[in-house]
Amino acid sequence: MTLWGGRFKEGTAAKLSQFKDSIGFDQRMYAEDIAGSIVYARALVRAKVLQAEEAETIIRGLEAVRKEFAARQFEFRETDEDIHTAVERRLIEIVGAVGGKLHAGRSRNEQVATDLRLWLLHRLPKLDEALKRLQVALIQRASEHTETAMPGYTHLQPAQPISVAHWLLSYCWMLMRDRDRLRDARRRMALCPLGSGAIAGTPFPLDRQAMARELGFTAPTQNSLDAVSDRDFVAETAFALALIGTHLSRFAEDIVIFSNPGFGFICLPDRYSTGSSLMPQKRNADVFELTRGKAGRLLGNLVALMSMMKALPSGYNADLQEDKEAIFDSMDALAAMIPLLADVVVALEIDEKALRAALDEELLATDLSEYLVRKGVPFRTAHEWVGKLVAMAEETGTSLSALPLDRMQAVSQRFEKDVYRVFDMDHSLASRDILGGTAPQSVRGQIETARDCLERLDEIGGMG
Ligand code: ARG
C-alpha cells in the first residue's frame, strides 16, 4: 500500500510506478532524511503534537531504520516510491501505528528540499578538500620549476617564454576561485525548509530555529512556497561544478598537447598512461581526455537543471524530482576525477630538454622590441623593425641571434652591440618581475600568496 492511497479506488499502474519512483537514486539521502525526521519528531513534542514517549519510540525506530540502511540490509518494497516513503513505511513496520504520527503537518516537498540541501552541505567539503589537494600538488610542482622556461602560447601559437611554475599556478588560481564559489553556494544553501509543509507552512507551532540548528543549518528559510519549490541551490552548485570541470578540461587539454610527441614537454608515467589494442607504440593520455570529456557532462547537467526549472509554476512540481540525478552525477564525476588528477600532477614528468629545444628565439621578438623601447624608440616603430628582422631570419633560415649586427643596422641604427644580450630565455623571464609576472622572483611571491590563500580558505571554512 502507498502512504497516500485513501482516495484512490485502484493501485498505481506498474508502468507509472516505474516511471515516477525516485527510490532508485534518492536512497542516497537516507541519512539526511532520517536526521530530518528525528529533528522533526522532537519539534512535534515541543509543539505538543507528540508525547515525549511517542517521540522516543519514533526516534528509536528511525535509528533502527538508519542501521538497516547503513548495513545495506534495508529491504525495499514495491510501494517505496522514494526515500521519504520508504523510511516512513519501515518506521511504521518497526514501531507500529505511532510511527504514523510523525508526518503530522509535514510534506515530502519540504523533506526533499531539506534532504538535498543537507546532502550537498555534507558532501561539498570532501570535494573541496580534494580540490585543495590538487592545488597543493600544483604548487608543489610549481615550486620545483620557477626557473624552468617553456613556450607560452596565445592562439596556441608560440608567444613568449614563461616558467613551468607560472603555467601550473594559473590553474591553481582558477581552482582557488572555484573553491570560493563552492563556499558561497554553500552559504546560501544552508537554510532549513522544515516547517514549510507542502507549500503553506505548518499549522503546528514548530520551533523552526531549533530544527535548523539541530540539523546544522544556519537559519530557517523565510518563505514556505519558495523553500519547497526553488532549486537555485542545486543550479548554483551545478554551475560551480561545471566551471570546475571547465577549468580542469583546459588543464587536461594542455597536457594532451604537451604530452604529444610533437611537443614532448610532459610524459605521463606508465601507470597513468593507456595503450592501444592495435597500435603497439601508442601511449595515450586517457585520464586527461576523459577529464576534458567530463566537462561536457557537467555542463549538460547544469543545462538540464536550468531547463527543468524554467517556467515551472509556483509551488512544488514533480519536475523537480529530476534535480537529483543531475547533481549526483556531477558530484560523482568530480569525486572520481579530482583525487586522481592530484596524483597524476604529482607524478607528471617534465622534460626540460624538450622544453629547451622548443624555446625558439622568435619567442623573444617582443623582448627585442622592448630593447628598442628602452632606447627611446616608439613601440609601434620597434614592432615594425623587429618584424623585419624576423622576416629576414626566416628568409635566410637562421635564428634571430645569428643575424650579424650590420644586417640589423640596415633596418635601424638603433640596434647596437648589446642587442645580443636580449637572446637569453632566463633574462627574458627575469625581466618580467612585476606582480603576477613570470619572473622566478615574482612566481616565488605568487607561491607564497597562493599558500596564504589556501589557509584563508580553510579559515573562511563554511565547509566544515
Ligand atoms: N520524490 C520526490 C522528489 O524527489 C519527493 C517529493 C514528492 N512530493 C510529491 N508531492 N509528490 O521531488
Side-chain angles (χ1 to χ4, degrees), residues 1-8 11-37 39-40 62 65 69 74 76-91 100 102-123 189 191-203 215 221 224-235 237-238 301 304-332:
M1 218 194 50
T2 58
L3 294 174
W4 40 259
R7 59 104 69 227
F8 292 95
T12 312
K15 286 198 184 78
L16 173 57
S17 293
Q18 267 172 29
F19 180 61
K20 73 167 180 49
D21 289 356
S22 54
I23 188 70
F25 49 87
D26 65 14
Q27 56 180 279
R28 294 176 71 158
M29 307 190 299
Y30 79 85
E32 286 75 19
D33 195 72
I34 291 171
S37 286
V39 161
Y40 194 78
L62 288 166
V65 179
F69 269 106
F74 187 92
F76 294 96
R77 294 274 163 81
E78 248 172 53
T79 50
D80 292 341
E81 294 173 59
D82 52 27
I83 187 60
H84 329 293
T85 49
V87 169
E88 192 181 339
R89 186 267 305 160
R90 183 68 186 129
L91 170 68
L102 173 63
H103 209 58
R106 186 172 77 159
S107 163
R108 282 183 290 157
N109 301 351
E110 60 183 325
Q111 277 188 278
V112 72
T114 305
D115 292 359
L116 190 51
R117 282 171 190 253
L118 270 184
W119 190 89
L120 286 168
L121 285 170
H122 291 160
R123 276 153 193 82
M189 183 191 296
L191 302 177
C192 183
L194 283 189
S196 297
I199 49 163
T202 289
L215 286 170
T221 50
S224 56
L225 189 56
D226 172 37
V228 296
S229 66
D230 202 359
R231 293 292 183 269
D232 55 357
F233 67 98
V234 187
T237 305
N301 289 334
L305 282 161
M306 293 296 288
S307 352
M308 177 274 283
M309 285 164 62
K310 178 186 169 299
L312 276 187
S314 181
Y316 176 86
N317 295 275
D319 315 43
L320 293 170
Q321 180 169 289
E322 292 287 313
D323 61 355
K324 282 169 285 299
E325 283 167 294
I327 196 69
F328 289 165
D329 184 72
S330 292
M331 291 289 284
D332 289 346

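In listed order, ligands and their atoms are each counted from 1. Given the structure is predicted, the values throughout are model-derived calculations rather than measurements.
Taking every heavy atom of both residues into account, F25 and Q321 meet most closely at CE1-O, 4.0 Å.
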- Show your working on salt bridge (charged side-chain N to carboxylate O under 4.0 Å, His left out) between E322 and R231 and close with a plain yes or no. CA-CA 11 Å; E322 292 287 313; R231 293 292 183 269; over 6 Å; no
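Ring planes of F69 and F76: perpendicular class, angle over 60° (limits at 30 and 60°).
For the pair D82 (side chain) and H84 (backbone), a donor-acceptor distance under 3.5 Å is present. Using modelled atom types, one side-chain atom of E110 and one backbone atom of G197 make a donor-acceptor pair closer than 3.5 Å. Side chain of S196 to main chain of G201: no donor-acceptor pair is present (N/O by atom type, distance under 3.5 Å, no hydrogens or angles).
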Measure and list all N/O to N/O distances between ligand 1 and the protein that fall under 3.5 angstrom.
residue, atom, partner, partner atom, Å
ligand 1, 1 (N), S22, OG, 3.1
ligand 1, 1 (N), D82, OD2, 3.1
ligand 1, 1 (N), Q321, OE1, 2.8
ligand 1, 4 (O), K324, NZ, 2.7
ligand 1, 8 (N), N109, OD1, 2.9
ligand 1, 10 (N), N109, OD1, 3.2
ligand 1, 12 (O), Y316, OH, 2.4

